[in-house]
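Below is one structure; the comments refer to it alone.
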Amino acid sequence: MSSRTRSLAVCLGGYVLLMGGAVLALGLSRPYPGDEVRFIQTARQFAEQPSPGLLRHYEEMSTPLPFAAYGVWGSMVGWDLAPMRMGALLIGLAAAVALHAFLFDRLGSLRAVAPLFGLVVINPYWVTLSLFVYTDMPAIFFALLALIAAGRQRPVLLALALAGALLCRQYLIFLNLAMGAFYLLRSLQQRQRGDVAMLAAVVAGGLPLAALVIYWGGLTPINQMRHLYLPDAFGYSLPTLLLYLAQGSIYLLPLVVWLAPRLYRDKRIIALAVVLSLAYGLWPIEPSPSAIEAGYATVGLFHRAVRLVTGGGLVEHLIFYTALLAAMPLWLLLSRDLLGRLRRGVLDDQLLLELVAAAFLAVMPLSYLRWEKYFLPLLPVMAVLLWRQGVERAQPAGRGG
């Protein structure tokens, strides 16, 4: 058995146990508050009433591929919660396989891959979005597939994966921006046909979304939700930026604590982080106006847990500020490394992943909503980047892990 196969078996064995426990705890048929029932209804529309008019006016904000896919699944197995959630479990399993492939391609050993795989899949969002009928896991699957294709220099797979990602969630355009910049720089520096092909694949991957935008006359279908939410879109939100910066320590906390002696040893970085974190006093983390109007009082599960324990108020903001303060040195380290590689012309996989993280921070605060779960597509990337910062660079020779 090869090291890759052994690693996959170990990781997927743990994943099956985790999701089996989630099914036992949460149930396949038990309804929960949220958008799941509405998503199933939309999927049923795509299965039973497919038409150009439905594609133009369906009552959702995200792109149509997950609804069409769940529509095909529902037409085969029925529309009750249990069979529909079985489809979600299969998508989650596919995403877990892709997650392992992404991690093993970058790190190359079970010792490195297993803890990072576990850290990502044990995230409460990964568990729930892999069980309930939501549109996030198809998007994460295609995002991971795009990262795999980029690492392996597979232009056809990259084009298909980026197209699939954008047809699940528009905000994944940050992948196109990062990869487009990376392969443009590589094409100009190295002038190799393979890099030109990858750049063409990035452009091709954006064409299906571009066609939909033209058809819709905007970034979303024409519906009531668009009229409700889009007036709040496209302004760059600093509270949203601070939320996603803080996520770097919240959902990666075990890794950050383990690597703390190596990640927090530059006094200049720490001092700059303290100064920058004071921005929280001006732009505290709180739900976006659209979320408040829709009845949401928090920005996600962590926020909800903090409020449940503390009752909100000053303590809640102190926790978020502490998370931001802990995360700022990590982002500053990555920023310094990114700029150094650009200055030296080091256009490698590390730079690609750092550009993905930078593009995420550039794009996501433009959204009309700020949610913790939107950090999930970046979580594997950040896990690899922090591992490389804290483990591989501490070893003078050979691969870390």
Side-chain angles (χ1 to χ4, degrees), residues 62-65 95 98-99 101-108 138-216 219 234 334-367 374 377-382 384-385 388:
S62 56
T63 33
L65 182 56
L99 171 64
F102 165 73
L103 293 174
F104 200 90
D105 283 355
R106 264 67 184 196
L107 301 176
I140 291 168
F141 167 75
F142 281 114
L144 288 166
L145 200 61
L147 291 165
I148 293 166
R152 299 180 183 181
Q153 289 286 112
R154 303 284 180 82
V156 174
L157 180 61
L158 180 62
L160 293 174
L162 288 174
L166 290 175
L167 290 176
C168 291
R169 286 297 179 113
Q170 298 94 317
Y171 65 77
L172 291 174
I173 192 69
F174 73 84
L175 290 172
N176 295 65
L177 296 176
M179 293 180 181
F182 178 76
Y183 288 112
L184 177 60
L185 290 172
R186 283 265 293 252
S187 299
L188 294 174
Q189 182 194 72
Q190 302 179 6
R191 301 184 183 278
Q192 294 183 2
R193 181 178 298 179
D195 293 325
V196 175
M198 294 295 281
L199 180 60
V202 173
V203 175
L207 294 180
L209 177 62
L212 275 179
V213 169
I214 293 170
Y215 185 55
W216 290 335
L219 289 174
F234 309 123
L334 295 178
S335 299
R336 183 176 67 180
D337 191 72
L338 185 156
L339 293 174
R341 287 172 185 275
L342 288 175
R343 283 195 301 267
R344 300 191 307 271
V346 180
L347 307 181
D348 58 2
D349 182 70
Q350 178 76 5
L351 178 66
L352 172 62
L353 296 185
E354 289 171 350
L355 286 172
V356 168
F360 176 90
L361 295 178
V363 168
M364 295 307 294
L366 295 171
S367 173
Y374 291 163
L378 191 65
L379 192 61
V381 173
M382 287 298 295
V384 169
L385 288 174
R388 287 174 171 175

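Remember, it's a predicted structure, so these values are computed and weren't measured experimentally.
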For Gly205 and Asn176, the nearest pair of non-hydrogen atoms, with its separation, is C-ND2, 4.0 Å
With the side chain counted from C-beta on, respond yes when Leu158 and Gln153 share a heavy-atom pair under 4.5 Å apart, and no when they do not.
no
CG (Leu172) and CE (Met364) are apart, to the nearest 0.5 Å, by 8.0 Å
Closest non-hydrogen atom pair, Gln190 against Asp195
OE1-OD2, 3.5 Å
Measure the spacing between CG of Leu147 and CG of Leu103 and express it to the nearest 0.5 Å.
10.5 Å
Give the minimum heavy-atom separation between Ala358 and Leu338, together with the two atoms involved.
CB-CD1, 4.2 Å
Rounded to the nearest 0.5 Å, what's the gap from CZ on Phe360 to CG on Leu175? Could you check?
10.0 Å
Looking only at heavy atoms, the pair that brings Ala98 and Ile148 closest together is O-CD1, 3.4 Å
Would the distance check show the side chain of Gln189 and the main-chain N or O of Leu347 forming a donor-acceptor pair, the cut-off being under 3.5 Å?
no
Non-hydrogen atoms of Pro64 and Leu212 that approach each other most closely
CD-CD1, 3.6 Å
Hey, mind stepping through Gln192 and Arg186 against side-chain contact (heavy atoms from CB on, under 4.5 Å) and telling me if it holds?
CA-CA 8 Å; Gln192 294 183 2; Arg186 283 265 293 252; 5.5 Å; no
Take Thr63 and Leu166, measure what side-chain contact (heavy atoms from CB on, under 4.5 Å) needs, and give me the verdict at the end.
CA-CA 7 Å; Thr63 33; Leu166 290 175; 5.9 Å; no
Passing option when Met179 is tested against Leu199, Leu162, Leu355, Leu184 for side-chain contact (heavy atoms from CB on, under 4.5 Å)
Leu162
How are the rings of Tyr171 and Tyr374 set to each other: parallel, tilted or perpendicular (split at 30° and 60°)?
tilted
Step by step, would you call Phe142 with Leu167 a side-chain contact (heavy atoms from CB on, under 4.5 Å)?
CA-CA 10 Å; Phe142 281 114; Leu167 290 176; over 6 Å; no
Nearest heavy-atom approach of Pro155 to Ala201 is O-CB, 3.1 Å
Does the distance from a Lys or Arg side-chain N to an Asp or Glu carboxylate O, for Asp337 and Arg388, drop under 4.0 Å?
no
Approximate separation, where rounding is to 0.5 Å, of Gln170 CD and Leu209 CG
6.5 Å
So how far is it from Met198 CE to Arg193 CZ, rounded to the nearest 0.5 Å?
15.5 Å
About how many Å separate CG of Leu351 and CG of Leu342, when rounded to the nearest 0.5 Å?
5.0 Å
